[in-house]
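Quick one: this structure, given as structure tokens, is what I'll be asking you about.
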Amino acid sequence: MSDISKTLAWRSLAADFAAISASTTGALFKGDAGRFDRYSVEAAGLFLDYSKNKITDEVVENLIALAREADVEGARKRMFSGDTINHTEGRAVLHPALRDFSMRDYFVDGENISPAVRVELDKLRAFCDGIHTGMRKGHTDKPIDTIVNIGIGGSDLGPQMVVEALRPYWLDGRRAFFVSNVDGQHLHDTLKDVDPETTLFIVASKTFTTQETMTNANSAKKWFLKNGGKNKNIAKHFVALSTNRHAVESFGIDPDSMFVFWDWVGGRYSLWSAIGLSIALQVGFENFEKLLRGAHALDEHFRAAPLADNMPVMLALIGVWNRNFVGAASHAILPYDQHLHRLPAYLQQADMESNGKRVTSDGTSVSVATGPVIFGEPGTNGQHAFYQLLHQGTDVISADFIAPAISQSEIGDHHQKLLSNFLAQTEALMCGKTTEDVRAELTSEKRPKSEIDALAPHKTFPGDRPTNSIVFEKLTPETLGALIALYEHKIFVQGVIWGVNSFDQWGVELGKTLAKTILPEITGLGEHKPEIDTHDASTKGLLNRINKLRGDAK
Ligand code: G6Q
């Protein structure tokens, strides 16, 4: 793998940054009537404006040259062709195959995977029909109206985010809960709200071995059996979404109540597979299909559009520019749509788990910074919290502002107010406010000179804080699908440029094994154990303190 920082494009970008660092983004707009048109792109119902980044035509040209040097086009082809691009796990990466309704075939190791995808989708559709028509009932013959998805990470964040985002599409009388944390309070609080006779537990786990999910699933099963259910009724109230048939059977779920997916679907890319069952049950299978179709429209754009007109490619390249040349180590996701309140958390996993890597695909250390810290909250809430640091902090933080032009629930002028904030923030972040302007403003307010001198530095904004704006008509299943696919492909393109494998997650695997080692050393309540003498002094000290508190508990 060649070192990306040694390429001509990379060196040219460094020179570009040096050349424009003295100027401001606001100044770049002046006398350039075409800037907005040149630095925006439209696809699959989404519109991306990236003109408020500190870029010039040279920068854009060199970013595209960088994508060519990194062979983004070749990597894109290899992904869609089913090559083993997740080479540390020996897997292909083909989640786009799950949402391709064009009857195109996809191959993994010479095998056509598309027929199996269609069969599973039909099975999901039939299952949803059974629940929605009331044909499929609980063990006391009452219709199922509640679902509890038990999963974590990729088996939780995606479906939960989508279910929240599509709230206006919820089917009448249906309730969906998500339990992920092994903290028993999560399950306990949920079970208080559900009826064992009308609840379906969806155990969502690719591996079916994840400690949190298996613990929650076992406790849910015990609760069901304690609350009127019998072993023979489990099939009516528990289904499994997994790639591990054997583990599902051992858990006691009938293989007929299992929906499968495949190892070429990464956990954080799995909401399009059987893992999306909770979505389909809550918003209806038709809307689930529309979500998939929306993502497919963006896939088609990503496959075919030239690099310069390719939305995920441009979003990725602007991200590389901000991360590696402007020096933004954090990136904010700021949806101006309350229903997208879980999008930042979802993208935090998608991005940080994919590109939070420090070695390139061939195992050598990366020579450049890779994935940024992703965080965010919906606007306008974030404006009253952490935006202060975006405007006036010592670090430059880049941000994506996301907004629908029309709200799903237009009430009075709420949405106009929301949109005016959306626009005002990106403008302010870019333009800032000079000390001269602040002084002039304070002078016009007839403030004394001493006060003006004291206040001016505090009221000055440096500006030049880079933002992208993504707008669309309305948050529909189709647009949401396209939006998610946009980010998936952006992350992929950045991984290709940084030379990392975006599809493994050894950091997650580490956590899965570490907790199991310490588990036997934690006491049960009221139990006294001899002092533990292993581990580092901090871990040992904390462990003994916790065990003492638990042992002393009444
Ligand atoms: C996602 C990660 C991780 C995974 C969870 C749950 O890409 O691999 O977040 O989804 O650890 O794993 P299971 O679905 O196997 O329970």
Side-chain angles (χ1 to χ4, degrees), residues 79 85-96 98 120 148-162 178-183 186-187 201-221 238-251 253 258-279 342 344-357 371 374 484-485 487-492 494-495 500-516:
M79 177 172 83
I85 60 170
N86 175 2
H87 65 94
T88 57
E89 295 185 310
R91 292 173 183 170
V93 175
L94 273 179
H95 48 275
L98 299 166
E120 211 52 33
V148 177
N149 188 84
I150 298 178
I152 195 164
S155 302
D156 167 73
L157 286 160
Q160 192 186 5
M161 180 274 286
V162 172
F178 290 82
V179 174
S180 52
N181 202 330
V182 74
D183 181 343
H186 202 177
L187 182 67
F201 290 94
I202 301 174
V203 187
S205 176
K206 182 172 168 182
T207 55
F208 231 72
T209 56
T210 304
Q211 186 196 51
E212 292 90 333
T213 302
M214 290 303 105
T215 306
N216 278 323
N218 274 306
S219 298
K221 187 163 87 176
F238 283 79
V239 293
L241 319 175
S242 187
T243 58
N244 187 346
R245 189 175 292 273
H246 179 68
V248 168
E249 279 181 56
S250 316
F251 178 86
I253 293 182
M258 173 182 178
F259 299 91
V260 299
F261 57 112
W262 306 271
D263 69 3
W264 43 264
V265 183
R268 54 195 172 278
Y269 299 92
S270 63
L271 72 88
W272 320 102
S273 70
I275 291 291
L277 177 62
S278 53
I279 304 171
R342 293 294 294 165
Y346 167 76
L347 290 178
Q348 193 166 57
Q349 179 195 28
D351 201 316
M352 293 172 74
E353 209 168 278
S354 298
N355 288 339
K357 311 281 163 72
I374 303 287
I484 303 168
Y487 277 101
E488 286 180 346
H489 295 318
K490 170 210 161 171
I491 292 165
F492 167 63
Q494 290 190 328
V500 299
N501 176 3
S502 300
F503 300 104
D504 60 10
Q505 56 284 310
W506 298 106
V508 181
E509 312 303 334
L510 174 74
K512 288 188 180 186
T513 47
L514 285 184
K516 285 190 186 141

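None of these values were measured; they are calculated from a predicted model. Just so you know, ligand 1 is whichever comes first in the structure, and atom 1 is the first atom listed for that ligand.
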- Query: Which residue owns the protein heavy atom closest to atom 6 (C) of ligand 1, what's the atom, and how far is it?
  - Reply: I152 O, 3.2 Å
- Query: Under 4.0 Å from ligand 1, counting heavy atoms only, is it the side chain of Q505, its backbone, both or neither?
  - Reply: side chain
- Query: Any idea which protein heavy atom is nearest atom 3 (C) of ligand 1, and the distance to it?
  - Reply: E353 OE2, 3.6 Å
- Can you pull out the closest protein heavy atom to atom 11 (O) of ligand 1? Residue, atom name and distance to 0.1 Å, please. K512 NZ, 3.0 Å
- Query: For the residue pair F492 and F503, does the interplanar ring angle fall in the parallel (under 30°), tilted (30 to 60°) or perpendicular (over 60°) class?
  - Reply: tilted
- Item | For atom 10 (O) of ligand 1, the protein heavy atom that lies nearest, with its residue and separation | G154 N, 2.9 Å
- Taking all non-hydrogen atoms of both residues, which atom of T210 and which atom of S205 are closest, and how far apart? OG1-OG, 3.8 Å
- Query: Just which atoms of ligand 1 are under 4.0 Å from any heavy atom in T210?
  - Reply: 12 (O), 13 (P), 15 (O), 16 (O)
- Can you list the ligand 1 atoms lying under 4.0 Å from a non-hydrogen atom of G267? 1 (C), 7 (O), 10 (O)
- When every non-hydrogen atom of G154 is compared with those of S270, the smallest separation belongs to O-OG, 3.5 Å
- Task: Would you please determine whether E212 falls within less than 4.0 Å of ligand 1 on a heavy-atom basis?
- Result: no
- Item | Residue and atom name of the nearest protein heavy atom (relative to atom 9 (O) of ligand 1), distance in Å to one decimal | Q349 NE2, 2.7 Å
- Task: Return the orientation label for the H95 and H489 ring planes: parallel under 30°, perpendicular over 60°, tilted otherwise.
- Result: parallel
- Message: Please give me the minimum heavy-atom distance between Q494 and D351, naming the atom from each residue.
- Response: OE1-OD2, 4.5 Å
- Task: Identify which one of N149, I152, I150 satisfies the side chain to side chain contact (heavy atoms under 4.5 Å, CB included) criterion when paired with S180.
- Result: I152
- Considering all heavy atoms, the nearest M79-V93 contact: CG-O, 3.3 Å
- Please report which non-hydrogen protein atom sits nearest to atom 15 (O) of ligand 1, along with the residue it belongs to and the distance in Å to one decimal place. T207 OG1, 2.6 Å
